[in-house]
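Below, all heavy atoms of this structure are taken into account, side chains as well, without hydrogens, waters or symmetry copies. Treat the numbers as computed from the prediction; the structure is a model and nothing was measured.
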Amino acid sequence: MLSQAIYTRRAPVVNRKSKHILIVGGGYVGLYTGLRLQRTLRRELREGTVRITLIDPRSYMTYQPFLPEAAAGNISPRHVVAPLRRVLPKIRILNGMVSKIHHEAKTVTFEPPAGQHQEIEYDVIVMAVGSISRTLPIPGLEDAAIGFKTVGEAIALRNRVIALLDRAETSDDEDVRRRALTFVVVGGGFAGIEALAELEDMTEDAIKYYPSIEKKDLRWVLIEASDRILPEVGPEMGKWTAEQLRERGIELKLETFLQSCEGGLVKTSDGDEFESATIVWTAGVKPSPVVNSCDLPLDERGRIKTTTRLTVAATKDAFAAGDVAGVPDMTNAGQYCAPNAQHAVRQSKVLGDNITAYLRGGQLADYRHRYAGSVAGLGLYRGVANVYGVKLRGFPAWFMHRTYHLSRVPTVNRKVRVVADWTLSLFFRRETVSLGEIEHPRDDFRAAAATMPKKK
């Protein structure tokens with residue numbers, strides 16, 4: 001009887017006449033919209049007149065603003081992600097890819113990790129697939145570089161940096177050491193600057209345990225195509241940040257392009273040429289490629305054309321928000337909302353309410369939010385901020401950065417865990433150990449198996 005009760009609760013009977021809301025994407029917009037719908041459609045979900053499905057390749061949502069701190073070892077990687085099934089218990093979670101969207105037929109082609117693809121029907125679709133790294137046809141980029149959008153990339157980068165310190169400490173070959181201790185970041189926006197600053201700060205702590213490595217042996221290089229960094233915090237604070245990074249010994253190559261990086265040999269447009277074992281690419285994002293396999297209208301930038309009410313333009317039963325959507329900015333005529341977490345989280349609230357109103361025959365609201373400004377962490381106790389015209393730097397900006405993003409992390413569970421990590425870091429040094437072998441867990445087993453005598 002108990003097992004039957006558990007089974008019934010986990011797999012309720014589906015009302016085929018119910019309205020089916022399909023959320024494609026489990027990032028900011030997908031998760032926060034799901035949270036909103038669980039509240040606003042509580043009655044319909046309980047009665048079975050509405051059901052919601054969310055599709056994403058991963059079973060968790062990543063809070064990307066904390067990736068730099070996770071890479072630097074200030075926060076546990078598991079604490080910057082929110083498990084979708086735990087946070088969204090009233091929503092069915094499917095892990096896999098949506099390869100095609102046939103909105104005219106109200107179906108999507110779903111490809112699970114194993115097994116045959118499926119056609120899933122829906123009544124209302126929510127496009128929340130977000131963005132991917134925007135790359136360029138630079139020789140060697142695909143093989144030599146790593147992005148900085150996922151928790152996997154952040155932790156792999158942390159492991160790599162520490163492993164390269166190990167390599168340099170172990171070798172007497174100057175070429176090997178120089179290559180290992182040269183780190184390159186391409187892109188001077190938030191992701192690039194925060195990743196650069198946090199990792200540089202981490203290595204400064206780590207080399208205390210490496211007798212043969214001094215700070216002057218480390219070379220950190222930022223390559224940025226424009227003439228300034230962190231444009232989101234304004235020219236004045238961007239200039240101040242550049243000065244701070246240079247004082248820390250970081251090279252800033254502004255108005256410079258990465259021309260090639262084949263085999264780790266970095267060549268830049270200013271004529272410089274050097275080897276590096278670590279190249280991080282953070283030079284912008286573009287909409288998820290799934291938009292190219294759908295029959296929804298796209299704008300000139302390849303985003304889903306969206307109205308101020310977060311409905312897909314000239315399309316019934318379709319909504320979109322976040323990085324994948326071109327949402328007109330009502331506070332800045334002729335412009336679109338920037339692809340950042342600030343807009344995505346706020347759009348999700350309006351999106352959830354509008355979907356509820358749409359199903360109930362109510363009036364939809366416009367999304368209106370004036371950009372509040374930006375905060376960025378530059379390592380422990382260092383930061384920069386420009387919020388509503390108030391400019392902060394150093395410790396106050398760093399404190400605001402942590403406070404703001406802590407308030408935006410989903411669920412109390414994750415907030416408490418992040419605070420616990422920060423509290424422990426006040427009393428203990430962060431760990432500087434590379435666990436790169438977790439990326440190839442079967443290597444040791446294969447090596448052991450290879451020593452076994454072959455059967456005759």
Please say whether more than 12 non-hydrogen atoms of neighbouring residues, nucleotides or ligands are located less than 6.0 Å from NZ in Lys239.
no
With distance as the sole test, does Trp281 use its side chain to make a donor-acceptor pair with the main-chain N or O of Arg134 at under 3.5 Å?
yes
Can a side-chain donor-acceptor contact be found between Arg177 and Ser212 if the only test is distance below 3.5 angstrom?
yes
Under a 3.5 Å cutoff, is there a donor and acceptor pairing between the side chains of Glu224 and Ser226?
yes
Ile162 CD1 to Leu435 CG distance, which is reported to the nearest 0.5 Å:
8.0 Å
Looking only at heavy atoms, which two atoms of Leu45 and Arg51 are closest? And how far apart?
CD2-CA, 4.2 Å
So, Asp173 versus Ser171: side-chain donor-acceptor pair below 3.5 Å or not?
no
Under 6.0 Å between ring centres, would you say that holds for Tyr122 and His103?
yes
Would Glu204 and Lys215 pass as an ion pair if we require N to O under 4.0 Å?
yes
Spell out, as yes or no, whether a donor-acceptor pair under 3.5 Å connects the side chain of Asn386 to the backbone of Ser374.
no
Nearest heavy-atom approach of Phe66 to Arg402 is CZ-O, 4.5 Å
CG (Leu196) and CG (Leu245) are apart, to the nearest 0.5 Å, by 6.0 Å
Are more than 12 heavy atoms from other residues, nucleotides or ligands located less than 6.0 Å from atom CZ of Arg78?
no
Taking the six-membered ring of Tyr63, is the NZ or CZ of Arg414 close enough (under 6.0 Å from the centre) and on axis enough (within 45°)?
no
With a 6.0 Å cut-off (strictly less than), is the heavy-atom count around CZ of Phe399, excluding the residue itself, greater than 12?
no
Closest approach of Pro113 and Gly96, non-hydrogen atoms and distance?
CD-CA, 4.3 Å
Cut-off 3.5 Å, side chains only: do Thr109 and Glu119 have a donor facing an acceptor?
yes
Could you label the plane-to-plane angle of the His405 and His401 rings as parallel, tilted or perpendicular, counting under 30° as parallel and over 60° as perpendicular?
perpendicular
If you measure from CG on Leu310 to CE on Met127, what distance do you get to the nearest 0.5 Å?
14.0 Å
Tell me whether the guanidinium CZ or amine NZ of Arg429 lies under 6.0 angstrom from the six-membered ring centre of Tyr209 and within 45° of its axis.
no
Taking every heavy atom of Ser18 against every heavy atom of Asp123, the minimum-distance pair comes out as O-OD2, 3.6 Å
